[in-house]
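Start at 1 and go down the list; that is how both ligands and their atoms are numbered.
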Amino acid sequence: MVKSRTRPKELLLDIFASLPQGQHISAQELRDRIIGQGGEVSLSTIYRALERLSEQGEIRSIMSARGQLWEAVSGEEHHDHLICTKCGLTIEFHDDLLSGFGQTVAERKGYIYQESRFDIFGFCKDCKANLDSNTVSQVLQSLDNVSTLLDEGKRVVDAGVRSLMSDKDRSVAASIERARKLLQQSVDECERALDALEEEI
Ligand SMILES: [Zn+2]
Ligand SMILES: [Zn+2]
C-alpha cells in the first residue's frame, strides 16, 4: 500500500524505473498506476511533477497519437521515435544519419551541437495495409456503380435503336448504333478493371 504522503516525484520515478525499455506512458496512465497501488494523486499534481522531472533531465516527453507520452532518460543509447498517428504504435530506433543531420543543421546555424531528437510521424505497416485495402474497396465500389449505370444507358439506347429502325430513319439510327457500341466498350472496360482489382484483394 502506497502512503499518500509519499512525494509524487518519487512515486513517478519508481514507476519509470519499473517500465520495460522502450515503453512510453501518459500522465493519465501514471495516475491510474498510482491509484491502482492505493495512492491518491490528482492529474495536475502529476503534470507538475512531470515538468519538474523533465527540467531535471530525468525524463523526457514525446508527442504521439495518444497525446503527450513520457519516458525515463537513462544511460541508454540515444534513440529517435517512429510514431503511428493512427494507432499510436511507437518504435524506438537509432540511425547515425539523423544525429549527423542534427549536428549539421546546428553547425550551419552557428550553434555548438549537443544532441538532437527526432519524432517521425506516419502510418505503421498495419495501418497502411488497412488504408490500402480501404482505398481499393472504394475504387471497386465506384467502378461497380459506373458499370451498372453504363449497362442501363446501353439498354435505353438499344430500345431507341429498335424503334428508329422500324421508323426507317437510318442516319439517326447509325449514330445511335455508334453510341451503343461505345457504351458497350465502356461496360467491357469497367468489367476488366473490376476483375483485375478483385484479383488484387
Ligand atoms: Zn523512447
Ligand atoms: Zn498504426
Side-chain angles (χ1 to χ4, degrees), residues 2 6-37 39 41-109 111-142 197-201:
V2 178
T6 313
R7 293 170 61 206
K9 230 174 81 174
E10 272 131 42
L11 288 175
L12 292 183
L13 279 177
D14 282 349
I15 295 173
F16 279 114
S18 72
L19 289 180
Q21 168 80 33
Q23 188 166 335
H24 310 85
I25 193 164
S26 70
Q28 182 62 56
E29 287 161 350
L30 284 163
R31 179 171 184 249
D32 292 345
R33 280 188 188 227
I34 292 175
I35 288 170
Q37 291 164 9
V41 68
S42 71
L43 210 47
S44 59
T45 306
I46 298 262
Y47 280 120
R48 274 198 305 278
L50 286 171
E51 282 309 321
R52 268 201 306 278
L53 287 172
S54 159
E55 281 160 20
Q56 291 162 5
E58 299 274 4
I59 59 170
R60 67 183 160 213
S61 73
I62 61 166
M63 282 310 293
S64 82
R66 295 196 289 136
Q68 195 173 25
L69 301 180
W70 300 84
E71 68 179 351
V73 176
S74 50
E76 103 270 37
E77 199 184 315
H78 166 90
H79 64 261
D80 297 298
H81 297 110
L82 258 173
I83 299 154
C84 177
T85 53
K86 214 162 161 57
C87 72
L89 177 71
T90 301
I91 291 173
E92 298 189 333
F93 70 96
H94 176 79
D95 195 317
D96 288 334
L97 187 71
L98 284 183
S99 39
F101 175 73
Q103 178 155 14
T104 307
V105 172
E107 284 168 2
R108 271 192 202 156
K109 303 282 180 194
Y111 276 61
I112 295 172
Y113 176 76
Q114 284 184 308
E115 68 154 347
S116 51
R117 215 149 57 76
F118 291 90
D119 292 338
I120 300 171
F121 297 95
F123 295 130
C124 72
K125 237 163 82 183
D126 287 350
C127 291
K128 180 185 174 289
N130 281 341
L131 284 181
D132 287 351
S133 63
N134 280 347
T135 312
V136 172
S137 329
Q138 249 167 43
V139 172
L140 264 175
Q141 187 58 56
S142 299
L197 272 174
E198 257 153 19
E199 270 169 37
E200 277 298 308
I201 56 173

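Contact between Ile59 and Val73 at its shortest, heavy atoms only, is C-CG2, 3.6 Å. Listed here is the closest heavy atom pair of Arg117 and Ser61: NH2-O, 3.3 Å. The minimum heavy-atom distance between Pro8 and Thr45, with the atom names listed, is CG-CG2, 3.5 Å.
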>> For Phe123 and Asn130: C-alpha separation, side-chain torsions, deciding distance, then whether side chain to side chain contact (heavy atoms under 4.5 Å, CB included) applies.
In response: CA-CA 10 Å; Phe123 295 130; Asn130 281 341; over 6 Å; no
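Rounding to the nearest 10°, we obtain 110° for the angle at the Zn ion (ligand 2) between Cys127 SG and Cys87 SG.
Between the NE2 atom in His81 and the CD1 atom in Ile62 there is a gap of 4.0 Å [rounded to 0.5 Å].
Per residue His24, closest N, O or S atom to the Zn ion (ligand 1): atom name NE2. Atom OE1 is the N/O/S atom of Glu71 found closest to the Zn ion (ligand 1). Atom OE2 is the N/O/S atom of Glu92 found closest to the Zn ion (ligand 1). In His81, the N, O or S atom that comes nearest to the Zn ion (ligand 1) is NE2.
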